[in-house]
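Remarks on the structure that follows.
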Amino acid sequence: MALRAKWSLRVDELPTRLALGDTADGVQPVLVSLLIEGLAPDEPGRQEDCFDAAPVCDWITGEWPKSAATPLIETRVNQLLLFLFAHDKRVQNAWVALVRPDVPSRAARITIERSASRSQFQLRLRDSSR
């Protein structure tokens, strides 16, 4: 009988470009960090037993930038959380942070973060699968 263990996958400061704001030229650089946690076999025997960063990173850098502009970066945080929970059913908790390195301010960076559990996103997941 295979035992299950809590595993984590972390991605730090993956660069992408997202349309933010109400203008057509609102595409901005964003650094994406995330941490997902969930249960998987304690001794994985094949790739499918493991959390795989490649499809997550591919979506963040390839598909997500093609989505429509949104005025709020918080909307982008929720989109990423929704993707993470929908992509892998084993993910039970996720934390994401989006950094806008080019925002003019007194701070070196401005970061928006959110953590959520799968149960907090269940209604959104059901709606997205329709």
Side-chain angles (χ1 to χ4, degrees):
M1 180 172 98
L3 298 176
R4 304 190 59 75
K6 182 178 175 183
W7 288 91
S8 299
L9 170 69
R10 179 183 294 274
V11 174
D12 290 315
E13 297 189 348
L14 178 65
T16 194
R17 296 184 62 79
L18 296 173
L20 294 166
D22 296 325
T23 62
D25 62 344
V27 176
Q28 300 175 23
V30 176
L31 300 175
V32 178
S33 295
L34 64 91
L35 173 67
I36 59 174
E37 300 173 325
L39 297 177
D42 67 334
E43 292 189 28
R46 53 198 178 113
Q47 183 64 38
E48 295 79 30
D49 294 338
C50 305
F51 289 125
D52 189 354
V56 172
C57 293
D58 289 346
W59 183 83
I60 290 169
T61 59
E63 294 304 314
W64 199 21
K66 297 175 188 174
S67 62
T70 179
L72 299 175
I73 195 167
E74 289 82 357
T75 302
R76 294 298 194 174
V77 167
N78 286 332
Q79 289 172 344
L80 180 53
L81 285 168
L82 182 60
F83 170 79
L84 293 171
F85 288 121
H87 172 70
D88 191 327
K89 305 299 182 222
R90 297 171 298 176
V91 174
Q92 293 302 310
N93 297 295
W95 166 86
V96 301
L98 301 183
V99 176
R100 294 175 62 185
D102 292 350
V103 174
S105 73
R106 293 183 189 109
R109 293 180 174 189
I110 295 178
T111 305
I112 184 74
E113 300 180 17
R114 182 174 180 196
S115 58
S117 67
R118 176 173 289 281
S119 63
Q120 291 172 312
F121 265 71
Q122 284 297 52
L123 291 176
R124 288 177 186 246
L125 288 170
R126 275 181 273 202
D127 290 343
S128 72
S129 64
R130 292 181 188 169

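Being a predicted model, the structure only gives us computed values, none of them experimental.
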S33 vs W95, test: side-chain contact (heavy atoms from CB on, under 4.5 Å). Steps then yes/no. CA-CA 8 Å; S33 295; W95 166 86; 4.0 Å; yes
What residue among V56, L18, T16 forms side chain to side chain contact (heavy atoms under 4.5 Å, CB included) with V32?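 For V32, the side chain to side chain contact (heavy atoms under 4.5 Å, CB included) test succeeds with only one of V56, L18, T16, which is T16.
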Within the side chain of [X], is there an N or O that forms a donor-acceptor pair under 3.5 Å with the backbone of [Y]?
X	Y	result
R90	C50	yes
W59	L84	no
T111	V99	no
R17	P65	no
Q122	S119	no
R76	A19	yes

Crowding at CD, E48 (>12 non-hydrogen neighbours, <6.0 Å):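 Yes, enclosed.
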If you apply the rule side-chain contact (heavy atoms from CB on, under 4.5 Å), what do you find for Q120 with L81, and how did you get there? CA-CA 10 Å; Q120 291 172 312; L81 285 168; over 6 Å; no
For L39 and K6: C-alpha separation, side-chain torsions, deciding distance, then whether side-chain contact (heavy atoms from CB on, under 4.5 Å) applies. CA-CA 5 Å; L39 297 177; K6 182 178 175 183; 4.2 Å; yes
Could you tell me which non-hydrogen atom of W7 sits nearest to which non-hydrogen atom of F51, and how far apart they are?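 Shortest heavy-atom separation between W7 and F51 comes out as O-CE1, 3.6 Å.
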With a 4.5 Å cut-off on side-chain heavy atoms, are I60 and V11 touching?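 They are not in side-chain contact.
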